[in-house]
Protein chains: 2
Amino acid sequence: MDATETRQWNSDSVAADLERAIHEHRLPPATKLGEDELGEAYGISRTVVRAALHALSHRRLVELRRNRGAFVAQPSVREAREVFEARALLEPRTARSAAERMTDAALAVLEANIADEHAALDARQDGRALFLSGRFHVEIARIADQSTIEAFVSELVSRSSLIIALYWRRRAALCETQAHHALLDAFRHRDGDAAEQLMNGHLLDLVTSLDLRNVAQPATSLREALNR
Amino acid sequence: MDATETRQWNSDSVAADLERAIHEHRLPPATKLGEDELGEAYGISRTVVRAALHALSHRRLVELRRNRGAFVAQPSVREAREVFEARALLEPRTARSAAERMTDAALAVLEANIADEHAALDARQDGRALFLSGRFHVEIARIADQSTIEAFVSELVSRSSLIIALYWRRRAALCETQAHHALLDAFRHRDGDAAEQLMNGHLLDLVTSLDLRNVAQPATSLREALNR
DNA sequence: GTCGCCGATTTTGTATACAATTGTGTATGT
DNA sequence: ACATACACAATTGTATACAAAATCGGCGAC
């Protein structure tokens with residue numbers, strides 16, 4: 001939590017700040033997000049914090065339990081599958097559209113994004129790298145000029161970050177940059193077919209890199225498991 | 001607004017009630033949703049009303065303008081196209097999944113839904129018919145057992161209702177029931193191919209029944225138009 | 001008569017106070 | 001020693017009070 005009391009926060013900016021922290025794994029799944037605690041951290045009242053937490057709960061990044069408070073969400077195995085199912089429907093054809101409408105300026109943005117990903121990985125800032133990796137996908141929807149789909153992809157990408165936190169199998173460096181480079185090449189050639197197919201494969205790779213066997217809910221206390 | 005002070009409202013139920021009113025065109029686009037007004041209507045404080053309005057704004061059914069209040073959204077032509085673009089990506093393949101997993105119980109639900117649609121049309125309850133027509137689409141996602149996609153489709157269907165309110169060309173009875181009957185037949189035969197194709201065609205028909213020429217924003221006061 | 005400015009009123013944004021619910025710890029009885 | 005019941009503490013849910021912003025009306029100037 002950036003408790004800098006210098007900035008002027010509102011519910012949207014607090015929600016964005018929290019979402020980024022969750023996306024970067026600074027706030028891992030199941031973290032309790034107390035209203036008083038957050039209000040003090042940001043220097044605002046519970047009113048604004050509550051609005052932000054409600055916003056995040058609508059994006060399924062935060063789970064609200066009545067009279068118990070807000071917690072960083074812990075997507076189930078089933079939810080994990082659903083998220084990537086939805087991404088598989090939305091992103092490949094959006095990548096095709098993006099490739100067909102690609103401009104040099106948009107290409108530069110994507111290239112800069114990949115460069116930042118590499119820089120973050122080199123600096124051992126895994127959370128930031130993961131965030132930027134997600135941004136790459138959202139940026140593609142933006143380039144495709146589909147703000148509605150962009151909003152869905154943005155939500156799905158953030159939720160994917162939670163899924164990765166819970167079910168990631170190989171803890172090694174995120175080798176996704178290869179896939180992003182391949183996509184970038186397709187975009188350079190304005191090759192919609194290739195972009196669609198590469199995105200499809202990229203998402204499949206992501207799912208297979210997860211451990212989605214139906215074992216009991218992970219990373220939770222016995223008490224929590226029984227209350228579920 | 002159901003100002004029955006008998007029920008106990010919370011932010012979620014108020015949001016659901018308002019969403020249904022919007023979906024049924026009882027609250028047309030651009031309607032001002034004053035906090036005090038709603039609070040009095042539901043017999044609750046502004047706090048709860050605000051939470052409900054924020055929730056609806058996240059679904060893009062309500063537009064919040066800072067220090068000016070909440071209004072039923074007026075999707076632009078561009079947003080209208082985007083909504084149906086997103087539906088075209090999500091719903092056809094979801095209909096295929098639903099067809100492949102179809103059970104007799106699920107079929108019965110869909111049949112009952114269509115029957116209700118007819119009943120509403122016969123009773124000249126156009127709003128209710130439109131709502132039920134949307135429910136048909138959401139139900140398909142539910143049957144496909146994809147709650148994440150179901151949430152997206154639910155949002156898109158509600159937004160489609162606003163789009164229909166603004167851009168519907170032929171004000172005649174909603175002739176969609178034909179398409180829904182055809183889909184039901186495909187579901188009865190567990191024919192995934194047919195279901196996917198029928199849904200695709202159905203959505204295309206819907207878009208072409210709209211008047212999405214880039215005329216100026218409709219149905220708004222001069223003052224509002226200038227402030228935009 | 002029209003345009004522009006300024007104050008009063010209305011409405012939203014935020015903070016705080018109070019009520020309700022949940023979880024925990026302790027005491028007591030078996 | 002264990003289980004149960006009760007009371008206390010902590011946290012969320014809701015209402016209300018206050019502050020800030022925008023709208024609307026009237027007034028005056030041109």
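Below, chain A is the first sequence line, B the second, and so on; all start at residue 1.
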Interatomic distance, A:L33 CG vs D:dT11 C1' [rounded to whole Å]: 14 Å

Measure the distance from CG on B:L53 to C1' on C:dT11 and round it to the nearest whole Å. 13 Å

Nearest whole angstrom, please: distance from the P of C:dG13 to the CD of B:E35. 6 Å

Is the side chain of A:H137 donor-acceptor paired with the backbone N or O of A:L156 at a distance under 3.5 Å, no angle test? no

Got a sec, which residues hit side-chain contact (heavy atoms from CB on, under 4.5 Å) with B:N113, two or more places apart in sequence or on another chain? B:E117, B:L132, B:R135, B:F136

Looking at CG of A:D211 and OH of A:Y167, how far apart are the two atoms once the value is rounded to the nearest 0.5 Å? 9.5 Å

Pairs under 3.5 angstrom, nitrogen or oxygen only, protein versus nucleotides 14-19 of chain D, please.
| from | atom 1 | to | atom 2 | distance (Å) |
| --- | --- | --- | --- | --- |
| D:dA15 | OP2 | B:S45 | N | 3.1 |
| D:dA15 | OP2 | B:S45 | OG | 2.7 |
| D:dA15 | N7 | B:T47 | OG1 | 2.7 |

What's the CZ-P distance between A:R65 and C:dT22, to the nearest Å? 14 Å

Can you tell me how far C1' of D:dC24 sits from CZ of B:R68, to the nearest Å? 14 Å

For A:N67 and D:dT12, give me the distance from atom CG to atom P, rounded to whole Å. 10 Å

Tell me yes or no: between the side chains of B:S154 and B:R59, is some donor less than 3.5 Å from an acceptor? yes

Salt bridge present between A:R50 and A:E35 (N-O < 4.0 angstrom): yes

In whole Å, I'd like the distance from the CZ atom of B:F71 to the P atom of C:dT11. 11 Å

Set of residues satisfying side-chain contact (heavy atoms from CB on, under 4.5 Å) with respect to A:D145, sequence neighbours excluded: A:R101, B:R78

Provide, to the nearest angstrom, the distance between the CD atom belonging to A:E37 and the C1' atom belonging to D:dT11. 12 Å

